[in-house]
Amino acid sequence: MTPLPRPGTLSAAKQGSGAERETGTIARTVLVLRAVAQARQEPTMKELADTVNLPISTMHRLLELLMQEGMVERDDITRTFRPGFEFFRLGSLVTHRMPLQAVARPFLDGAAREAGESSYLAMLDQRALKLVFISGVESGQMLDYRVPLNVPYALSTGSSGLAALAWLGSDKVDRVLANDDPLNRRDHPAIRRMLIEIRDQGYSHTRGQRISGAVGTFSPVFDGREQIVGTLGYTVPETRFQKKDRARLAGLAMHYAGELSRTLGYPGIWPRPASTYQDTTRDEKS
C-alpha cells in the first residue's frame with residue numbers, strides 16, 4: 001500500500017553548503033520538535049538525542065533555538081523538555097482553521113484510489129451516541145452506494161457504527177443498545193461478542209446491516225487523547241464484493257485510519273491493541 005507522508009516530514013538534507021546546510025538544519029529542527037511533541041513523558045536532552053540520532057552538541061544547539069522561539073520549554077529542576085506555549089498557540093490556530101474534513105481528505109483520497117472503492121469518514125457524536133458521515137470520496141465505479149452525509153445513524157448497526165461502539169465503555173454500550181433496540185429484539189450478547197472481535201482485529205466488517213446489498217469495512221480513528229472520534233472505511237456493493245476482498249479492504253481501512261489517527265495526535269500503536277481497552281463489557285467479565 002502507498003505510504004502517506006507524515007505531516008511536516010522533511011527528507012534528510014544532502015551535505016553541502018549554503019541552502020543545503022540551511023535545509024539540513026530545518027529538517028533536524030523539525031525532527032527534534034516532533035520528538036518533543038510525541039514523547040509520552042518529558043524527555044531529557046540525551047533521550048532526545050538518542051531518539052533522533054543526533055550528537056548531544058547538535059541537540060543542545062537546536063533546543064536552544066527552539067526555546068528562544070517559545071516552541072520548547074525546559075524544566076530547570078528535572079532538566080526535561082516539553083512543548084512550549086508558542087507551539088500550543090500555533091497548534092490551536094491550525095486546529096480551528098482546519099476542520100476534520102479537510103484534515104482527512106488526503107487519507108480518503110488515498111484510500112479510495114488504492115482500493116478502487118468509495119471511502120468514507122464518519123464522526124462519533126459523543127453526546128447523542130450517534131454516527132454522522134461527514135466526508136467521502138466516490139470511487140467512480142458505475143455501480144456504487146452513496147452514503148448520505150450529515151445524517152445521524154445508530155452505532156449498533158453497520159460496520160461504521162460498530163467500529164466506534166467497540167471502543168466505548170460498557171455504560172455507553174448499554175445506553176446505545178437500549179436506545180437503538182428499545183424492544184430488546186436483537187441478540188445483545190452476540191453484539192457484545194462482536195465488539196470484542198472488532199477490538200481484537202482492528203476493524204468491523206458487516207453485510208447489508210445498514211444498506212441492503214452493501215458490504216461495509218471500517219476501522220476506528222483516535223485522537224491525541226487516545227479517544228475514539230470516528231471511523232474510516234469502505235461501503236461496497238455486494239455484487240462486486242468477493243471473499244478475498246475482505247482482507248485487502250480491512251488492511252487499507254486500518255492503514256488509512258491509523259495514519260489519520262497519528263495526524264490527529266494519536267501516540268499509540270496501530271492497530272490499537274485490544275489490551276488498551278480498560279472499560280470491559282459485562283460479557284468479558286463473565
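- By the criterion of side-chain heavy atoms lying less than 4.5 angstrom apart, applied directly or through intervening Ile, Leu, Val, Met, Phe, Trp or Tyr residues, Phe87 is not grouped with Phe85; the two fall into different hydrophobic clusters.
- With Asp50 contributing its side chain and Glu47 its backbone, the two residues share no donor-acceptor pair below 3.5 Å.
- Not one N or O on the side chain of Thr206 forms a donor-acceptor pair closer than 3.5 Å with the backbone of Gly158.
- Annotation: salt bridge (Lys or Arg N to Asp or Glu O under 4.0 Å) contacts involving residues 217-239, sequence neighbours excluded, comprise Arg40-Glu226, Arg207-Glu238, Asp223-Arg225.
- The backbone N or O of Arg175 lies less than 3.5 Å from a partner atom in the side chain of Asn179, making a donor-acceptor pair.
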**OP:** Show your working on side chain to side chain contact (heavy atoms under 4.5 Å, CB included) between Leu62 and Leu54 and close with a plain yes or no.
**Re:** CA-CA 10 Å; Leu62 295 175; Leu54 287 176; 3.9 Å; yes
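- In this structure, the side chains of Leu249 and Val215 stay at 4.5 Å or more apart for every pair of heavy atoms.
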Subject >> Residue pair Arg248, Glu114: steps toward the side chain to side chain contact (heavy atoms under 4.5 Å, CB included) verdict >> reply: CA-CA 10 Å; Arg248 181 176 67 91; Glu114 194 159 354; over 6 Å; no
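- In this structure a side-chain-to-backbone donor-acceptor pair under 3.5 Å is present from Arg199 to Ala166.
- Annotation for Asn53: atom CG does not count as buried by contact number, only 12 or fewer foreign heavy atoms lying within 6.0 Å.
- Rounding to the nearest 0.5 angstrom, the gap separating the CG atom in Leu66 from the CZ atom in Arg61 is 11.0 Å.
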**OP:** Check the pair Tyr256 / Ser119 against side chain to side chain contact (heavy atoms under 4.5 Å, CB included), numbers first and verdict last.
**Re:** CA-CA 10 Å; Tyr256 285 100; Ser119 63; over 6 Å; no
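- Residue pairs satisfying the ring-ring contact (aromatic ring centres under 6.0 Å, His included) criterion with at least one member in residues 39-61, sequence neighbours excluded, are absent.
- In this structure, CE on Met59 lies 8.0 Å from CE on Met45, to the nearest 0.5 angstrom.
- With sequence neighbours excluded, the residues satisfying ring pair (Phe, Tyr, Trp, His ring centres under 6.0 Å) with Phe222 are Trp167, Tyr266, Trp270.
- Taken from CG in Leu155 to CG in Leu131, the straight-line distance is 6.0 Å, to the nearest 0.5 Å.
- Contact annotation: the side chain of Met194 approaches that of Leu162 to within less than 4.5 Å [non-hydrogen atoms, C-beta and beyond].
- Salt bridge status for Arg89 with Glu86: present, with a side-chain N to carboxylate O gap under 4.0 Å.
- The nearest pair of heavy atoms linking Ser139 to Asp144 is OG-OD2, 2.7 Å.
- Counting heavy atoms from C-beta on, the side chains of Gln209 and Thr157 come closer than 4.5 Å.
- Side-chain contact between Thr217 and Asp245 is absent, with no heavy atoms from C-beta onward closer than 4.5 Å.
- Residues passing the side-chain contact (heavy atoms from CB on, under 4.5 Å) test with Ser57, sequence neighbours excluded: Pro55.
- In this structure, the side chains of Gln38 and Pro267 stay at 4.5 Å or more apart for every pair of heavy atoms.
- Side-chain N or O atoms of Ser204 include none that pairs as donor or acceptor with a backbone N or O of Phe218 at under 3.5 Å.
- Pairs passing the salt bridge (Lys or Arg N to Asp or Glu O under 4.0 Å) check and including a residue from residues 117-142, sequence neighbours excluded, read Glu117-Arg240, Lys130-Asp180, Glu138-Arg146.
- Put simply, the side chain of Arg28 does not reach to within 4.5 Å of the side chain of Val52, judged on heavy atoms.
- Put simply, the side chain of Thr51 does not reach to within 4.5 Å of the side chain of Leu31, judged on heavy atoms.
- Applying the ring-ring contact (aromatic ring centres under 6.0 Å, His included) test to residues at least two apart or on different chains, the pairs with a partner in residues 223-245 are His205-Phe241.
- Between the side chain of Arg210 and the backbone N or O of Ala154 there is at least one donor-acceptor pair closer than 3.5 Å.
- Atom CG of Leu195 is separated from atom OG of Ser156 by 9.5 Å, given to the nearest 0.5 angstrom.
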**OP:** Tell me, with the steps shown, if Leu124 and Val229 meet side chain to side chain contact (heavy atoms under 4.5 Å, CB included).
**Re:** CA-CA 5 Å; Leu124 173 64; Val229 293; 5.8 Å; no
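- Asp187 CG to Arg193 CZ: the interatomic distance, rounded to the nearest 0.5 Å, is 6.0 Å.
- For Thr235 (side chain) and Gly216 (main-chain N/O), no donor-acceptor pair under 3.5 Å exists by modelled atom type.
- Atom NE2 in His255 sits 10.5 Å away from atom CG in Leu232 (nearest 0.5 Å).
- Of all non-hydrogen atoms in Pro148 and Tyr153, the two that sit nearest each other are CD-OH, 3.4 Å.
- Using a 4.5 Å heavy-atom cutoff, the side chains of Val137 and Arg113 are not in contact.
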